[in-house]
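In what follows, every chain begins at residue 1, and chains take the letters A, B, ... in the order their sequences are listed. Just so it is clear, the model here is predicted, and its values are computed rather than measured.
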There are 2 protein chains.
Amino acid sequence: MAGQHTLNETESEVASRLGGLKLDFEAMAVTSNLFRAANSVRNHLERTVLAKADLTWTAFVVLWVVWIWEPIETRGIAAEGGFSKATLSGVLTTLEGRGFLTRERSTSDGRLVLVSLTPAGRRLMKKLFPEFNAEERNITRHITTGDLPQAAQILRDLISATE
Amino acid sequence: MAGQHTLNETESEVASRLGGLKLDFEAMAVTSNLFRAANSVRNHLERTVLAKADLTWTAFVVLWVVWIWEPIETRGIAAEGGFSKATLSGVLTTLEGRGFLTRERSTSDGRLVLVSLTPAGRRLMKKLFPEFNAEERNITRHITTGDLPQAAQILRDLISATE
DNA sequence: TGCCGATAATTTGGGCCCGAACGATTAGCG
DNA sequence: CGCTAATCGTTCGGGCCCAAATTATCGGCA
């Protein structure tokens, strides 16, 4: 939203369309930049690290969550990854078809499905995750305003304000 | 990714799967929280403000960009909104079908398409945007660590590191 | 003038995304 | 024990998302 135009240009244009209405331009800048940043980082990591393994962002997150917490229930993956169970079902089918994970119905509770990585899935993550983290480090290294922990805290504030 | 488990739990699980490998957990926390925050804010705004107008986040962004800069070329909307032209084409067709905007081929350059809001589109934005901004303010009001301009700056640092 | 490379928007194909509806299973309460 | 409400995962429908291929147009150069 705050793309090629400067913030001031945008502000004056918005103001002219709303007359005397009071707007919070700082709040606008935060949400606008939040989305540009998230998409930009996502696309960057998909192109630099994930493309060689032909993985989407979401598929990688699913593999990562399962890798850390296996065996884990479907609902747990969705909660941990931050997407709906409907979305997850499709992604699990894709990754299962590619031989990276398995689904298994729980014996103690017939409603639950337990997900685990296959050896191929574990091999993939053991190779891919260090590369992924190196690129994460590369990106966040450029944060000059404030420090990393503070950046993470501000983002957590946004999460808790909306969840 | 840093969902129901604490950061320390996740760290020790990750470490146990990678042995002695050096990882940057602060960088992990930043990118992880960046996505949770973006999705959380997006879902929140879609449910609280956008649902009553039956608009998705992306559709709203498109309307907003056109509202501010009309008449604007397709490529300009995509750049300003931060998505691909392929994505935009579909969304424009949706919004055109609902009578919120119009497409018109440029007379000076037959390759370009100029997009403008209809009166209905302008009425919608004039009513919706103040509500949207009020909710943005509501969300960002909870940022206690550091101030809003610093938050926006950190996000811009992330964008410039990846674009 | 006629061609050719560059540019703009759209279409295509495959995948992600969510809410709502659905079928299966379980827990709890009388 | 039997019934009902809750829970879990999946499916369905509609929409978003991008890279690559496609169609149309333009600019420049011989």
- Message: Closest approach to the side chain of A/K85, judged atom by atom: which nucleotide of D/dG9, D/dT11, D/dC16 is it?
- Response: D/dG9

- Task: Would you mind reading off the distance between A/F35 atom CZ and D/dC16 atom P, rounded to a whole angstrom?
- Result: 15 Å

- Message: Applying salt bridge (Lys or Arg N to Asp or Glu O under 4.0 Å), can you list everything that pairs with A/R123, at least two apart in sequence or on another chain?
- Response: none

- Task: Go through residues 48-55 of chain B and report each residue with a non-hydrogen atom lying under 4.0 Å from DNA chain D, sorted by number.
- Result: none

- Length of the line joining B/R98:CZ and D/dG14:P, which is rounded to integer Å: 14 Å

- Query: Contact class for B/E46 vs. all strands (heavy atom < 4.0 Å): base, sugar-phosphate, or nothing?
  - Reply: nothing

- Query: In whole Å, what is the span from the CG atom of B/L88 to the P atom of D/dC17?
  - Reply: 10 Å

- Task: Walk me through it: do A/Q153 and A/D157 pass the test side chain to side chain contact (heavy atoms under 4.5 Å, CB included)?
- Result: CA-CA 6 Å; A/Q153 183 56 48; A/D157 288 343; 3.1 Å; yes

- Query: Tell me, which pairs form a salt bridge (charged side-chain N to carboxylate O under 4.0 Å, His left out) where one or both residues lie in residues 56-66 of chain B, sequence neighbours left out?
  - Reply: none

- Listed by chain and number, what are the salt bridge (Lys or Arg N to Asp or Glu O under 4.0 Å) partners of B/E26, not counting sequence neighbours? none

- Query: Could you give the CZ-to-C1' distance, from B/F83 to C/dC16, as a whole number of Å?
  - Reply: 17 Å

Name every donor-acceptor pair, under 3.5 Å, that has one atom in a side chain of residues 45-52 of chain A and the other anywhere in the protein, sequence neighbours excluded.
from, atom 1, to, atom 2, distance (Å)
A/E46, OE2, A/W57, N, 2.9
A/T48, OG1, A/H44, O, 2.9
A/K52, NZ, A/E131, OE1, 3.2

- Taken to the nearest whole Å, CD1/B/I77 to P/C/dT10 is 9 Å

- Query: Hey, does the side chain of B/S89 come within less than 4.0 Å of C/dT11's phosphate (OP1/OP2), counting only N and O?
  - Reply: no

- Global bending angle along the helix from C/dT1-D/dA30 to C/dG30-D/dC1, which compares the axes of five pairs at either end, to 10 degrees: 0°

- Could you give the CD-to-P distance, from B/E73 to C/dA8, as a whole number of Å? 8 Å

- Evaluate whether atom CZ of A/R137 has more than 12 neighbouring non-hydrogen atoms of other residues, nucleotides or ligands under 6.0 angstrom away. no

- Verify the contact: side-chain N or O of A/T58 to OP1 or OP2 of C/dG15, cut-off strictly under 4.0 Å; return yes or no. no

- Message: Would you say A/T94 places a side-chain N or O within less than 4.0 Å of OP1 or OP2 belonging to C/dG15?
- Response: no

- Checking all strands, does A/T87 fall into the base, sugar-phosphate, or nothing category for heavy-atom contacts under 4.0 angstrom? base

- Query: Got a sec, which residues hit side chain to side chain contact (heavy atoms under 4.5 Å, CB included) with B/L114, two or more places apart in sequence or on another chain?
  - Reply: B/P71, B/E73, B/S106

- Contact nearer the 5' end of DNA chain D, comparing B/T56 with A/R47: B/T56

- What pairs with A/A15 under side chain to side chain contact (heavy atoms under 4.5 Å, CB included), at least two apart in sequence or on another chain? none

- What residues form a side chain to side chain contact (heavy atoms under 4.5 Å, CB included) with A/A59, not counting sequence neighbours? A/L55, A/T56, A/V91, A/L95

- Query: OP1 or OP2 of C/dC17 less than 4.0 angstrom from a side-chain nitrogen or oxygen of A/S84, does that happen here?
  - Reply: no

- Message: I need the full list of ring pair (Phe, Tyr, Trp, His ring centres under 6.0 Å) pairs touching residues 82-103 of chain B, with sequence neighbours left out, sorted by first then second residue.
- Response: none

- Message: Under 4.0 Å, heavy atom to any atom of DNA chain C: which of residues 99-115 of chain A qualify?
- Response: A/D109, A/G110, A/R111

- Query: What integer distance in Å separates A/I72:CD1 from D/dG9:C1'?
  - Reply: 14 Å

- Task: Can you sort out the partners of B/K85 under side chain to side chain contact (heavy atoms under 4.5 Å, CB included), two or more places apart, ordered by chain and number?
- Result: B/R75, B/A78

- Item | Step-by-step side chain to side chain donor-acceptor pair (under 3.5 Å) determination, B/R36 to B/N33 | CA-CA 5 Å; B/R36 295 191 72 81; B/N33 284 326; 5.6 Å; no

